[in-house]
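For reference, the structure discussed in these notes is given below.
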Amino acid sequence: MGRFSGWQDKRSGSGLHGSKRESQDGSAEPGQPLSRSLRVNLEALQAVFEDAGDIVIREFKIGAEIEAFVIFIAGLVNQSLLYEHFLGALMTDMNEAPLRLDKDRGDPLRHIKESVLTVAGLYEAKTLQETVLAVLNGDTALFVEGTDNALVASIRGSETRNVGEPDTEVTVRGPREGFVESIQTNSTLLRRKIKSADLKFEPMRIGTITKTDIYVVYLKGIAADGVVREVKQRLAKIETDSILESGYVESFIEDAPFSLFGTVGNSEKPDIVSAKLLEGRVAILIDGTPFVLTVPYLFVEAFQNSEDYYSRPYYATFIRSLRWFAFMLSVFLPSAYVAVTTFHQELLPSRLLISIAASKEGTPFPAIIEALMMQIIFEILREAGIRLPRPVGQTVSIVGALVLGEAAVSAGLIGAPMVIVVSLTAISSFVVPALTDALSIARLILIVLAGFAGQFGIMLGIAGILTHLCSLRSVGVPYLTPLTPARLSDMKDVWIRAPWWAMRKRPLGLETKDKIRQTKGRMPRPPEDDASY
């Protein structure tokens, strides 16, 4: 916070907190119209912003006669714009051409707005509540004696993080820019990707205390009207005092709040969100977080990566097949090992069975206890590696896994095959990061079922998980689309990644208004006559 020499600073309050508060003389309330008396408005604002050291109120005169003051939050305004194009214009230009309060010539604010200030974002606030909210958002409000409106100028300039590559979604080939905590910067990043007037940003504000700005983003003419309407209705129903991160909003709008599987997607990359918007989805931008929510979110999206669409389709298809295989391995390998070694030893080859039996000789715990212990230890190491500073976290993860695994096997507490199974499961779970949280819990459930009922328990668990997945919806769209209900045309982007020229239609499961992405006959061909070269 900086002080401004020669200024009379009036510093006060932390905000309205969603309630009405009267000024010291009771002459103005936040929800009531502003007064024509400059002194009444000044005292009302001082009462609202009491004890707030970052609030700056600067009193001055326009010309030689008209008293005025501006109010803003230090650190949230662009000081160069404030000096040169706002206060400079009012205190310098107006002295050269003094403005007089002439009742026959109208409101002086109108003259200032139309002929003096060069700031682009200008509007008039009519109530104290509206003015306070504008100031809290980083705008600057001008009050002039004899007028019952405040002129609000949008000259925000707070410090923000520079656009850079996100750590959570690293790509080898593709754009390296990521969203930041500023909603204005994030909306600009999307505008740079989609240069269309049909890209709509509908503003909302949620949180009685934080009053967090939110944009509902969609492509008009592509996104289904019902999906857009449902998203806005769910957001409008949120009644809470604070929204600090996208996870707050996600928990209020998801279809199945008690499910292990998330039905709202999130991403830090503008190219991913732009691609989803072009497919007919709706994005939700929240001020203060680099994560943008997208709905509807389908199960198959967890196996899709932005780099799949920047690489050749053959390798992308191979990698996507590996993701599905790693997913199956991560879910079923520990439970299958427990079931086979406990109940179904006859399924193993004799040499492998003898090797496993020899490694388990002398271990005090049954397979189910070993599996649960190792899974819990792995989750502890993973959490420690994430929360600690990066250099230390990597060391803890690697050294902890090696030391604990080797020590447990040497001490005879855990069999060596179990360490191999858990290690392979852990590596496989990182291949599909979007499902890591859900798979961690589902894996433990299947291990318990396998330990008590063998393969029958695993099949029972699979049936329960599939039934649950089939019942899920994301903003009304079936979660397993296009697997069930099956849509053959959408299978070009599920198990495989077809070439771009072959994916002529947008996903039919999203029920978009414009289903055609491109016309037929886009497959590239060599020239018919080589002599043309």
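Taking CG of L244 as the reference point, atom OG1 of T212 lies at 6.5 Å (rounded to 0.5 Å). Distance check, rounded to the nearest 0.5 Å: CG of L469 to CG of L483 gives 10.0 Å. The line from CZ of R58 to CG of L142 is 12.5 Å long, rounded to the nearest 0.5 Å. Between atom CZ of residue R156 and atom OG1 of residue T140 there is a gap of 10.0 Å, rounded to the nearest 0.5 Å. Atom CG of D514 is separated from atom NZ of K505 by 11.5 Å, given to the nearest 0.5 angstrom. Note that CD1 of I206 is 8.0 Å distant from CD1 of I286, once rounded to the nearest 0.5 Å.
Remark: the backbone N or O of W500 is paired with a side-chain donor or acceptor of Q518 at under 3.5 angstrom. Counting only distance, with no hydrogens or angles, the side chain of N186 and the backbone of E181 share no donor-acceptor pair below 3.5 Å. Between the side chain of T210 and the backbone N or O of I243, at least one donor-acceptor pair lies under 3.5 Å. The closest donor-acceptor contact from the side chain of R506 to the backbone of I516 lies under 3.5 Å. Between the T436 side chain and the P433 main chain, a donor and an acceptor come within less than 3.5 Å of each other. Judged by distance alone, the side chain of K269 and the main-chain N or O of P175 form a donor-acceptor pair under 3.5 Å. R191 contributes a side-chain N or O that, together with a main-chain N or O of S196, makes up a donor-acceptor pair within less than 3.5 Å. A distance-only check finds no donor-acceptor pair linking the side chain of E165 to the backbone of V170 [under 3.5 Å]. Although no hydrogens or angles enter the test, the distance criterion places a donor-acceptor pair under 3.5 Å between the side chain of N41 and the main chain of S35. R36 contributes a side-chain N or O that, together with a main-chain N or O of G146, makes up a donor-acceptor pair within less than 3.5 Å.
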Should F291 and S267 be marked as a side-chain contact (heavy atoms from CB on, under 4.5 Å) after you check the CA-CA gap, both sets of side-chain angles, and the distance that decides it?
CA-CA 5 Å; F291 288 92; S267 177; over 6 Å; no
Candidate pair F179 and L189, rule side-chain contact (heavy atoms from CB on, under 4.5 Å), full reasoning:
CA-CA 8 Å; F179 291 118; L189 291 173; 4.0 Å; yes
Going through the distances and angles, do M503 and R517 end up as a side-chain contact (heavy atoms from CB on, under 4.5 Å)?
CA-CA 8 Å; M503 294 190 289; R517 179 186 280 129; 3.7 Å; yes
Could you please spell out the steps behind the side-chain hydrogen bond (donor to acceptor under 3.5 Å, both in side chains) verdict for R443 and S330?
CA-CA 8 Å; R443 195 182 303 123; S330 173; 2.8 Å; yes
Audit row: R382, F430, side-chain contact (heavy atoms from CB on, under 4.5 Å) steps and yes/no:
CA-CA 11 Å; R382 184 169 73 95; F430 294 142; 3.6 Å; yes
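Between F201 and Y215, the two ring planes are perpendicular [angle over 60°; tilted spans 30° to 60°]. Using cut-offs of 30° and 60° for the angle between ring planes, the Y479 and F299 rings count as perpendicular. Using cut-offs of 30° and 60° for the angle between ring planes, the F303 and F327 rings count as perpendicular.
More than 12 non-hydrogen atoms from other residues, nucleotides or ligands lie less than 6.0 angstrom from CD of Q184. The 12-atom threshold is not exceeded at CD of E239, counting heavy atoms of other residues, nucleotides or ligands nearer than 6.0 Å. Taking a 6.0 Å sphere around CZ of R192, one finds it holds 12 or fewer heavy atoms contributed by other residues, nucleotides or ligands.
When all heavy atoms of V477 and L298 are compared, the closest pair comes out as CG1-CD2, 3.9 Å. When all heavy atoms are compared, the tightest approach of V273 to L190 is CG1-CD2, 3.9 Å. Closest approach of E307 and S311 over heavy atoms only: O-OG, 3.0 Å. In terms of heavy-atom proximity, I55 sits nearest to V135 at CD1-CG1, 4.4 Å. Closest approach of V300 and T481 over heavy atoms only: CG2-O, 4.0 Å. In terms of heavy atoms, A256 sits closest to L472 at CB-CD2, 3.4 Å.
Using a 4.5 Å cut-off on side-chain heavy atoms (C-beta onward), P33 and K126 make no contact. Between K515 and T512, some side-chain heavy-atom pair lies under the 4.5 Å cut-off. Side-chain contact between V231 and V295 is present, with at least one heavy-atom pair separated by less than 4.5 Å. Between F143 and E67, the closest side-chain pair of non-hydrogen atoms is not below 4.5 Å. Looking at V227 and P296, their side chains come closer than 4.5 Å, going by heavy atoms from C-beta outward. Counting heavy atoms from C-beta on, the side chains of I253 and V264 come closer than 4.5 Å. Annotation: side chain of L128 is in contact with side chain of L34 (closest heavy-atom distance under 4.5 Å). For the pair L277/L199, a side-chain contact is recorded, criterion being any heavy-atom separation below 4.5 Å from C-beta on.
Here D213 pairs with R205 in a salt bridge; the nearest charged N to carboxylate O distance falls below 4.0 Å. The pair D308-R323 counts as a salt bridge, with a side-chain nitrogen and a carboxylate oxygen less than 4.0 angstrom apart. Under 4.0 Å is where a charged nitrogen must lie from a carboxylate oxygen, and between E177 and K193 at least one such pair does. Note on E145 versus R39: no salt bridge recorded, every NZ/NE/NH1/NH2 to OD/OE distance being 4.0 Å or above. Comment: R320 engages D493 in a salt bridge, judged by a side-chain N to carboxylate O separation of less than 4.0 angstrom. With respect to D255 and R234, a salt bridge is recorded, a charged nitrogen being found less than 4.0 Å from a carboxylate O.
Annotation: side chain to side chain donor-acceptor pair (under 3.5 Å) contacts involving residues 282-302, sequence neighbours excluded, comprise E245-T289, K276-E301, R281-E301.
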